[in-house]
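Comments concern the structure below.
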Amino acid sequence: MRKKIVAGNWKCNTTVQEGVELAKAVNELVAKADAKNVVVVLGTPFTHITSVVSAVDASLINVAAQNCAAEAKGAFTGEVSAAMVKSTGATHVILGHSERREYYGETSEILNKKVALALANGLTPIYCCGEALSIREANEQNAYVKTQLEETIFNLSAEDFSKLAIAYEPIWAIGTGVTASTAQAQEMLAYIRGLIADKFGKAVAEETSILYGGSCNAKNAPELFAQADIDGGLIGGASLKAEDFLGIITAY
Ligand code: 13P
């Protein structure tokens with residue numbers, strides 16, 4: 001059975017102290033809730049990871065970085081390598097988020113290096129894809145997402161591919177309050193699963209966790225998560241409040 005994953009992406013929010021408090025609050029709520037069948041991940045800024053890892057129960061809460069370097073080590077001022085992320089106790093790394101592609105010039109070439117280093121260091125990549133509004137309006141979202149996958153994670157071996165999760169985040173739904181309709185989200189995730197089946201076979205496709213992201217909240221999560229191909233969510237704004245995030249975790 002593929003894993004159900006609810007991952008928070010805190011983006012560039014919270015101080016270390018605020019982040020630790022938030023993580024503790026999520027931990028406390030998850031401990032009381034019946035959420036055993038959901039893998040909960042907190043995607044924190046690099047600066048927070050070690051403190052957050054220490055503050056939570058690792059059997060309930062996983063911690064992710066939101067990025068890692070495209071180089072293993074060396075003279076790359078300001079970069080944080082996959083090995084460094086791993087050494088904090090983080091288990092996951094969000095890669096290819098549209099904000100990184102758009103604002104920091106992350107190309108498929110760069111992402112291939114990051115994914116390879118994340119996997120080589122035993123981190124689970126949560127690999128993001130998704131189209132801008134203009135592409136959706138031109139009804140070219142399927143071809144666009146297909147290219148994003150073909151240029152990157154579809155180059156992996158089936159064995160490596162089976163170690164990652166995918167998050168489909170339509171850019172027009174991120175932080176806008178506009179959620180993709182349940183039908184739009186399900187349609188795209190089923191399409192992605194079909195592409196995986198064509199490339200790696202049905203068994204791999206059935207085991208791949210594919211998440212939806214984009215204005216997902218406690219209110220719309222139950223309907224989204226009830227869809228056959230939606231295996232959870234990558235959550236921005238609603239992951240910054242413990243109660244709201246718990247509402248999504250318990251939406252199954
Ligand atoms: P919001 O949930 O704030 O729309 O953000 C989604 C996102 O980008 C998560 O990575």
Side-chain angles (χ1 to χ4, degrees), residues 4-14 18-19 22-23 26 38-46 48-49 52 62-68 85 90-104 106 111 114-115 118 123-133 135-136 141 144-145 148-149 152-153 164-182 184-185 188-189 192 209-225 227 230-251:
K4 298 183 194 315
I5 303 172
V6 175
N9 176 7
W10 293 359
K11 307 192 179 184
C12 189
N13 291 298
T14 73
E18 289 164 350
L22 174 58
V26 172
V38 178
V39 176
V40 179
V41 183
L42 301 179
T44 83
F46 288 131
H48 302 29
I49 302 177
V52 168
N62 299 274
V63 184
Q66 300 169 18
N67 182 26
C68 71
V85 171
T91 50
H92 294 65
V93 58
I94 299 166
L95 290 175
H97 193 282
S98 59
E99 287 152 16
R100 297 223 47 92
R101 293 179 194 254
E102 188 177 347
Y103 308 139
Y104 302 98
E106 289 199 356
L111 288 168
K114 293 188 176 193
V115 170
L123 292 166
T124 300
I126 299 175
Y127 184 81
C128 305
C129 59
E131 81 287 351
L133 183 60
I135 294 168
R136 170 66 63 165
Q141 65 274 8
Y144 185 84
V145 168
Q148 281 187 321
L149 299 175
T152 57
I153 53 176
L164 56 75
I166 295 174
Y168 167 66
E169 299 203 309
I171 297 169
W172 45 272
I174 295 177
T176 57
V178 179
T179 320
S181 71
T182 305
Q184 285 172 321
M188 177 57 87
L189 269 56
I192 292 172
S209 297
I210 313 179
L211 319 182
Y212 167 77
S215 300
C216 184
N217 56 42
K219 214 163 155 219
N220 58 32
E223 192 180 315
L224 285 163
F225 293 180
Q227 304 305 305
I230 303 183
D231 303 317
L234 182 55
I235 319 298
S239 71
L240 292 169
K241 289 204 180 112
E243 287 81 9
D244 292 354
F245 193 50
L246 183 82
I248 300 171
I249 294 165
T250 53

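Numbering of ligands and ligand atoms starts at 1, following listing order. Starting from 1, each residue takes its place in the sequence as its number.
Scanning the protein for heavy atoms near atom 2 (O) of ligand 1, the closest one is Gly236 N, 2.9 Å. The shortest contact between atom 3 (O) of ligand 1 and any protein heavy atom is with Gly237 N, 2.8 Å.
At a 4.0 Å cut-off, not a single heavy atom of Gly213 sits close enough to ligand 1 to count as contact. Ligand 1 lies out of reach of Gly177, whose nearest heavy atom is not under 4.0 Å from it. At least one heavy atom of Ser215 sits under 4.0 Å from some atom of ligand 1.
Dense packing is recorded around CD of Gln184, with more than 12 heavy atoms of other residues, nucleotides or ligands lying under 6.0 Å away.
Across all their heavy atoms, Tyr127 and Val115 have their closest contact at CD1-CG2, 3.9 Å. Of all the heavy atoms in Asp231 and Ser209, the pair that sits closest is OD2-CA, 3.4 Å. A pairwise comparison of heavy atoms in Arg136 and Gln141 identifies NH1-NE2, 3.3 Å as the closest pair.
The N/O atoms of Asn9, backbone and side chain alike, include one that comes under 3.5 Å of an N/O atom in ligand 1.
Shown in contact with Glu169 at under 4.0 Å from a heavy atom are these atoms of ligand 1, numbered in order with element: 6 (C), 7 (C), 8 (O), 9 (C), 10 (O). Per-residue contacts place Ala173 under 4.0 angstrom from the following atoms of ligand 1 (heavy atoms of the residue considered): 4 (O). Close contacts of ligand 1 with Gly214, meaning ligand atoms under 4.0 Å from a residue heavy atom, involve 4 (O), 6 (C). Counting the atoms of ligand 1 from 1 in the order shown, those under 4.0 Å from a heavy atom of Gly175 are 1 (P), 3 (O), 4 (O).
A search for side chain to side chain contact (heavy atoms under 4.5 Å, CB included) contacts involving Ala221 returns Cys216, Phe225, Ile248, Ala251, not counting sequence neighbours.
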I would like to know whether His97 and Glu169 meet side chain to side chain donor-acceptor pair (under 3.5 Å); could you show each step before the answer? CA-CA 8 Å; His97 193 282; Glu169 299 203 309; 3.0 Å; yes

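Note: His48 and Trp10 have perpendicular aromatic rings, judged against thresholds of 30 and 60 degrees for the angle between ring planes.
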